[in-house]
Amino acid sequence: MPAPIFALVDCNNFYASCEKLFDPRLAGVPVVVLSNNDGVVVARSAEVKALGLPMGQPWFKVRDLAKRHGIVAFSSNYTLYADMSNRVVNVLAQFSPDLEVYSIDESFLDLSGHVPESLAAYGRSIRERVRQWLGLTVCVGIASSKTLAKLANHCAKKNLAGTGGICDFTAMSAAELDSLMARIEVGEIWGVGRQLAPKLHAMGIRSVKALRDADPGQLRQRFSVVQERIVQELRGIPCLSLEDVTPDRQQIISSRSFGERVHDLQSLQEAVTSHICRAAEKLRNQDSLAGAVTVSIRTSPFNPNEPRYQKSLTVALPEASADSRILTRAALKLLGQSYRQGYAYQKAGVMLSDIRPRRLRQPSLFSAIGNDEDNRRLMQTLDHINSRWGRGTLRLAAEGTDFGWRMKRGHLSPAYTTNWETLPRLIAR
DNA sequence: CTATAACTCTCAA
DNA sequence: CTAACGTTGAGAGTTATAG
């Protein structure tokens, strides 16, 4: 078993780059992509970063500034991003069969046993091929643990070390690494977030190097195993392995903010039903059953002038199920218990939990024989129709037809890569 | 008391 | 015109509860 070598490949400004890719007029133009409901800025092109517009800002707060700088905004187009993401993964898979898709724009590759004489050159060829085949730019961080590979990737992106978007820690001397790590904020480390960073600061640990050289036992005492593992990983002792098989979900959530505030129970019922159907579809997709359903509704947590209300209720089902109708009945009952009139609701969501494979089904003593099989085939047919003809082709009537609660998507780009209908528009310009 | 379930907090993209 | 601020999933630790 050779010492592991990890590469972390991360697409630059992924969402913004996807948008630019299909509209050459956007070359050199600052572009932002907004979260669902056009809420906050979640991706920025290089030009926007240069302007100093921060990540995570509510769009309405920065809109004027953005207009003045000629920033073009897009609503999240997940159909496009997911499709481009798959294409990137397909290219990366050519470089190593041991690949973990970590997020929509990041993958870990196990490079152990691959061209040990020049890992950086291998990284460059990855970057070149993704650029050539897809027009997207990636950075590659290479190191002996996943945490270090993430850090190396950070260095590549910020041009702190390495060249041309590639940073290989395994080729650096101990002294080089020391001085590099001394210059990087501890908060940049994977797993050191908003809460932990200030606590580490208070202990006098401000740099990556300081954390690497800290006492792991003491950190475990004070915090948890997670922090102890981070220290080991920073020292090049891998504690995390490549997770190449994605396990079944243990919980499935569907929740969304409304485009406009919602006041009436009927709209909430329709929204909750849609959420259940979306979650149940995912549940069936992994051939599982859910044993519990949770429904949450809330008013805006931001507006101090609005009366606040939030409620979240869970029920255990008498018999685990993946039937949209059964799950909906349970959810609507919970919603009825949660709903209070007179509030301006901002968001509703559902969670399916206590999830198990369908093959472990335990029929209740009182369930009618055969019913379940009929229901399953009905759901199968429904999924089949929706996968063939598009999401939402066949729906429960309880989802309604009004959709006044649907999210805002005022700046949506076409489904460039997944819908032929967009082709004429592309050619026309 | 222990084993486990339920809940809370944190993190990440 | 005004008001307007994402979603999903996991893991660890803590607390409550059952036996």
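All chains are named by letter (A, B, ...) in the order of the sequence lines, taking the proteins before the strands, and each is independently numbered beginning at 1.
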Colleague: Could you please name the option among dT7(C), dA10(C), dC5(C) that lies closest to any side-chain atom of Val40(A)?
Modeller: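 So the nucleotide nearest the side chain must be dC5(C).
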
Colleague: Once you round it to whole Å, what is the distance between C1' of dA4(C) and CZ of Phe60(A)?
Modeller: 5 Å

Colleague: Taking His154(A) for its side chain and Lys150(A) for its backbone only, find out whether a donor-acceptor pair lies under 3.5 Å.
Modeller: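 No; zero donor-acceptor contacts below 3.5 Å.
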
Colleague: Using modelled atom types only, decide if a donor and an acceptor are shared between the side chain of Lys209(A) and the backbone of Asp178(A) within a distance under 3.5 Å.
Modeller: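 No, Lys209(A) side chain to Asp178(A) backbone: no donor-acceptor pair under 3.5 Å.
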
Colleague: Contact class for Lys61(A) (heavy atom, under 4.0 Å): base, sugar-phosphate, or nothing?
Modeller: base

Colleague: Heavy atoms only, 4.0 Å cut-off, all strands: where does Glu306(A) land among base, sugar-phosphate and nothing?
Modeller: sugar-phosphate

Colleague: Ignoring the backbone of Arg63(A), work out which of dA4(C), dG9(C), dG6(C) is nearest its side chain.
Modeller: dA4(C)

Colleague: Taking only the side-chain nitrogens and oxygens of Arg298(A), find out if one of them lies under 4.0 Å from OP1 or OP2 of dC5(C).
Modeller: no

Colleague: Ignoring backbone atoms, test whether Arg256(A) places a side-chain nitrogen or oxygen under 4.0 Å from the OP1 or OP2 oxygen of dT8(C).
Modeller: yes

Colleague: Which is true for Asp38(A) with a 4.0 Å heavy-atom rule: it touches a base, it touches only sugar-phosphate, or it touches nothing?
Modeller: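 Nothing: the residue Asp38(A), judged by heavy atoms under 4.0 Å, touches no strand.
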
Colleague: CD of Gln251(A) versus P of dA5(B): gap in Å, rounded?
Modeller: 16 Å

Colleague: Going 5' to 3' through nucleotides 12-19 of chain C, assign each nucleotide B (protein heavy atom under 4.0 Å from a base atom), S (under 4.0 Å only from sugar-phosphate atoms) or - (no protein heavy atom that close).
Modeller: SS------

Colleague: What contact category does Leu34(A) fall into here, base, sugar-phosphate, or nothing, at under 4.0 angstrom with non-hydrogen atoms?
Modeller: nothing

Colleague: Does OP1 or OP2 of dG6(C) have a side-chain N or O of Ser257(A) closer than 4.0 Å?
Modeller: yes

Colleague: Within a reach of under 6.0 Å around CD of Glu306(A), are more than 12 heavy atoms found that belong to other residues, nucleotides or ligands?
Modeller: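 Buried by this count: over 12 neighbours within 6.0 Å.
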
Colleague: Are the side chain of Gln251(A) and the backbone N or O of Met351(A) linked by a donor-acceptor pair below 3.5 Å?
Modeller: no

Colleague: Applying the Watson-Crick and G-U wobble criteria at under 3.5 Å, what pairs with dC9(B)? Answer none if nothing qualifies.
Modeller: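 With both distances under 3.5 Å, dC9(B) matches dG11(C).
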
Colleague: Please give, in whole Å, the distance from dT7(C) P to Tyr81(A) OH?
Modeller: 15 Å

Colleague: If I take atom CG in residue Leu313(A) and atom P in nucleotide dA6(B), what distance separates them, rounded to the nearest angstrom?
Modeller: 16 Å

Colleague: Give the rounded distance in Å between these two atoms: NE2 of His275(A) and C1' of dT8(C).
Modeller: 13 Å

Colleague: Take Phe302(A) and Arg249(A), find for each the nucleotide of DNA chain C with the closest heavy atom, and name the residue whose nucleotide sits nearer the 5' end.
Modeller: Phe302(A)

Colleague: Would you say a side-chain N or O of Asn303(A) is under 4.0 Å from OP1 or OP2 of dA4(C)?
Modeller: yes

Colleague: Kindly say whether Leu396(A) contributes a backbone atom to a donor-acceptor pair with the side chain of Glu399(A) at under 3.5 angstrom?
Modeller: yes

Colleague: For Gln266(A) and Glu270(A), test the side chains for any donor-to-acceptor distance below 3.5 angstrom and give the result as yes or no.
Modeller: yes

Colleague: Ignoring hydrogens and geometry beyond distance, is a side-chain donor-acceptor pair present between Gln286(A) and Arg249(A) at under 3.5 Å?
Modeller: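 The answer is no; no qualifying pair exists.
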
Colleague: Rounded to whole Å, how long is the line connecting atom CG of Asn285(A) with atom P of dG9(C)?
Modeller: 12 Å

Colleague: Please check the phosphate of dG6(C) (OP1 and OP2 only) for any side-chain N or O of Gln346(A) closer than 4.0 Å.
Modeller: yes

Colleague: Would you mind checking if Arg391(A) and Glu281(A) are paired as a salt bridge, meaning a charged N to carboxylate O distance below 4.0 Å?
Modeller: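 Salt bridge flag = no for Arg391(A) with Glu281(A).
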
Colleague: Do Asp372(A) and Arg376(A) meet the salt-bridge criterion of a basic N to acidic O distance under 4.0 Å?
Modeller: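 Judged by the 4.0 Å cut-off on N to carboxylate O distance, Arg376(A) and Asp372(A) do not form a salt bridge.
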
Colleague: Of all the choices, dT8(C), dG6(C), dG11(C), which nucleotide is nearest to the side chain of Gln250(A) once you look at every atom?
Modeller: dG11(C)

Colleague: At under 4.0 Å between heavy atoms, what does Ser254(A) touch on the DNA or RNA strands: base, sugar-phosphate, or nothing?
Modeller: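 Ser254(A): backbone/sugar contact only, no base atoms under 4.0 Å.
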
Colleague: Write down the distance separating the C1' atoms in dA4(C) and dA13(B), rounded off to the nearest Å.
Modeller: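 After rounding to an integer number of Å, I get 24 Å for this pair.
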
Colleague: So what's dT2(C) paired with, Watson-Crick or G-U wobble, going by both distances under 3.5 Å?
Modeller: none

Colleague: So does Ser255(A) get a side-chain nitrogen or oxygen closer than 4.0 Å to the phosphate oxygens (OP1/OP2) of dT8(C)?
Modeller: yes

Colleague: I need the CD-C1' distance between Gln286(A) and dG9(C), as an integer number of Å.
Modeller: 12 Å

Colleague: Starting at the 5' end of nucleotides 8-13 of chain B, put B wherever the base has a protein heavy atom under 4.0 Å, S where only the sugar-phosphate does, and a dash everywhere else.
Modeller: --SSSS

Colleague: More than 12 heavy atoms of other residues, nucleotides or ligands under 6.0 Å from NE2 of His384(A): is that the case?
Modeller: no

Colleague: Kindly say whether the aromatic ring centers of Tyr345(A) and Phe258(A) come within a distance under 6.0 Å.
Modeller: no

Colleague: Between dA10(C) atom P and Glu100(A) atom CD, what is the distance in whole Å?
Modeller: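 Checked: the CD to P distance equals 13 Å.
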
